[in-house]
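To start, the structure itself, in structure tokens.
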2 protein chains.
Amino acid sequence: MDDFHDPRQNHLLAALPGDDYARIAPYLELIPMELGEVLYESGTQMRHVYFPTDAIVSLLYVLEDGASAEIAVVGNEGIVGVSLFMGGETTPSRAVVQSAGRAYRLSGQVLKKEFDRVGGRRSGALHNLLLRYAQALLTQMAQTAVCNRHHSLDQQLCRWLLLSLDRLQVNELVMTQELIANMLGVRREGVTEAAGKLQRAGVIEYRRGHITVRDRPGLEARACECYAVVKREFDRLLPEVEEIL
Amino acid sequence: MDDFHDPRQNHLLAALPGDDYARIAPYLELIPMELGEVLYESGTQMRHVYFPTDAIVSLLYVLEDGASAEIAVVGNEGIVGVSLFMGGETTPSRAVVQSAGRAYRLSGQVLKKEFDRVGGRRSGALHNLLLRYAQALLTQMAQTAVCNRHHSLDQQLCRWLLLSLDRLQVNELVMTQELIANMLGVRREGVTEAAGKLQRAGVIEYRRGHITVRDRPGLEARACECYAVVKREFDRLLPEVEEIL
DNA sequence: CCCTATATGCGCGACAGCGAACAGACGCGG
DNA sequence: CCGCGTCTGTTCGCTGTCGCGCATATAGGG
């Protein structure tokens, strides 16, 4: 978490070949993101995509009655705003900053131009990379759907903590139980109870808005299979990321 | 439902400009599909994509313990096998025929070649069309996730019936309650009860594996918002379909 | 350093959906 | 036209989560 900041702390940007990266690099703007900030609202036209470095963004779906649920989470392994290059321009979801940090912003026009570029190689590297990322996102959403249906709040909390942890450089999350409840689409009291169990078991420790993970293997053991499936699929679809780090 | 069969009964194929369509038409094979047939298993390499005409295919996710849930449904508005052109080759889901009928099969190689084609126009029409379809699929999955979390079995059954109905030419579904329960990821008894309510209300009528919808507006009134959101998004993303029909 | 907004803990009753078990009813195939 | 396999209807207790209300603890700004 030093002050020197490089777009390539985002894995997608890091995975781009030198010349592909060089073409978009001049357009990347470093943007700080605060907890709770809304990057885009359901149905609104987006102007930019975001490549998080140390921030985490949740894709939330909000129902008419105000109830909500997280459908996917994006950290430094991904990009916020896939609908810009998929062609739809908008999505019926909301993007909210779940963990403060920074991201690189890129104008939608520049991204699209590069995405559609048909340069020396067949289709550009960015094109293939983003499509594979979109598929990984599809998997994450599918898994969320099934998990919502079949798994207990306890298991889901573990899954959620692990997903967040993977996208952070530290083992402490700044996050209230109320917010977690919003993400998971459950009652706050339910989170309190589940978190209490984990604390008593020595897996996590928390105090007013701060959760520290003490026993990651323990967390993995209590999580449902959904965490592992999603992680495996991300690793499979985006292997460049592993090679580099 | 005459015997003359045209690939263009699939809306994606119908939406392709003449010359784009002409290039892949010779490779399209008409395939009959029986109820319950598995098009591909989770994690297996796919050789073909399928463009249903009067069949309906469910994308199911099956958990380790055998529990399952439908994450999306594909009829003549779509294509089965998006991961082939997204670049992942496989997905961790299973494709099952939910309603018998026919589909046109296309070799993955031919599809990919056309998908990556950079012909006269910018990127090919197929490319844009399929990406927009993929985004619609993303929306459907997201909505399924939220629906699983927040809505009652009764509402979900209505949503599911409507989604199926939209993809059929008739108002009768050949489908047991047991199968519906598998799709929704609930107990069979739950479906029996929910269906009983609908029958008593005169909205549907059923007998051993056959469900007939009598009052579609009634069904829509009882469904959650999820149905309308998904339908609206499909119409927005794939407008060509409406223009043609 | 205190005070207040905010975060967490807990205790109800209510209820939807689960799991298992079984009875009846339909309809296809022989 | 008969029989059996399959589909549907119904029961019971159980668990997990909800919805509400309220008590208590904590941190950080004035």
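Every value quoted in this text rests on a predicted model; they were computed, and no experiment measured them. Just the heavy atoms: all of them, side chains too, but no hydrogens, waters or symmetry mates, feed the values below. Below, chain A is the first sequence line, B the second, and so on; all start at residue 1.
- The shortest side-chain heavy-atom distance between A:R132 and A:Q135 does not fall under the 4.5 Å cut-off.
- Side-chain nitrogen and oxygen atoms of B:R187 include at least one within less than 4.0 Å of the OP1 or OP2 phosphate oxygen of C:dC18.
- In this model, a donor atom of one side chain and an acceptor atom of the other lie less than 3.5 Å apart for B:T90 and A:R236.
- Ranking D:dC18, C:dC18, D:dC7 by closeness to the B:T176 side chain, first place goes to D:dC7.
- Rounded to whole Å, the distance from CG on B:N182 to P on C:dC18 is 12 Å.
- In this structure, the side chains of A:N76 and A:Q169 come closer than 4.5 Å at one or more pairs of heavy atoms.
- For B:A103 against B:M33, the heavy-atom pair with the smallest separation is CB-CE, 3.5 Å.
- The CD atom of B:E178 sits 13 Å away from the P atom of D:dG9 (whole-angstrom rounding).
- D:dG16 atom P lies 16 Å from atom CG of A:L157, rounded to whole Å.
- Between A:Q177 and C:dT6 there is no side-chain polar atom (N or O) within less than 4.0 angstrom of OP1 or OP2.
- Taking atom CD of A:E189 as the reference point, atom P of C:dA7 lies 14 Å away to the nearest angstrom.
- A side chain to side chain contact (heavy atoms under 4.5 Å, CB included) with B:V96 is found for exactly one of B:V62, B:L60, B:L179, namely B:L60.
- The distance from atom CZ of B:F51 to atom CG of B:L28, rounded to the nearest 0.5 Å, is 7.0 Å.
- At a threshold of 4.5 Å between non-hydrogen side-chain atoms, the residues A:I180 and A:L173 do not count as touching.
- Summarising the geometry, the separation between CG on A:L35 and P on C:dT6 is reported as 14 Å, rounded to the nearest angstrom.
- Of all nucleotides listed (C:dC18, D:dC18, D:dG9), D:dG9 comes nearest to the side chain of B:R188.
- For DNA chain C, the neighbouring residues in residues 191-215 of chain B, judged by any heavy atom under 4.0 Å, are B:R207, B:R208.
- Here C:dG17 presents its C1' atom at 17 Å from NE2 of B:H151, a figure rounded to the nearest Å.
- Of the listed nucleotides (D:dC18, C:dA7, C:dG17), C:dG17 has the atom at the smallest distance from the side chain of B:S152.
- Between B:L153 atom CG and D:dG16 atom C1' the separation is 16 Å, expressed in whole Å.
- A straight line from NE2 of A:H150 to C1' of D:dT17 spans 17 Å, rounded to a whole angstrom.
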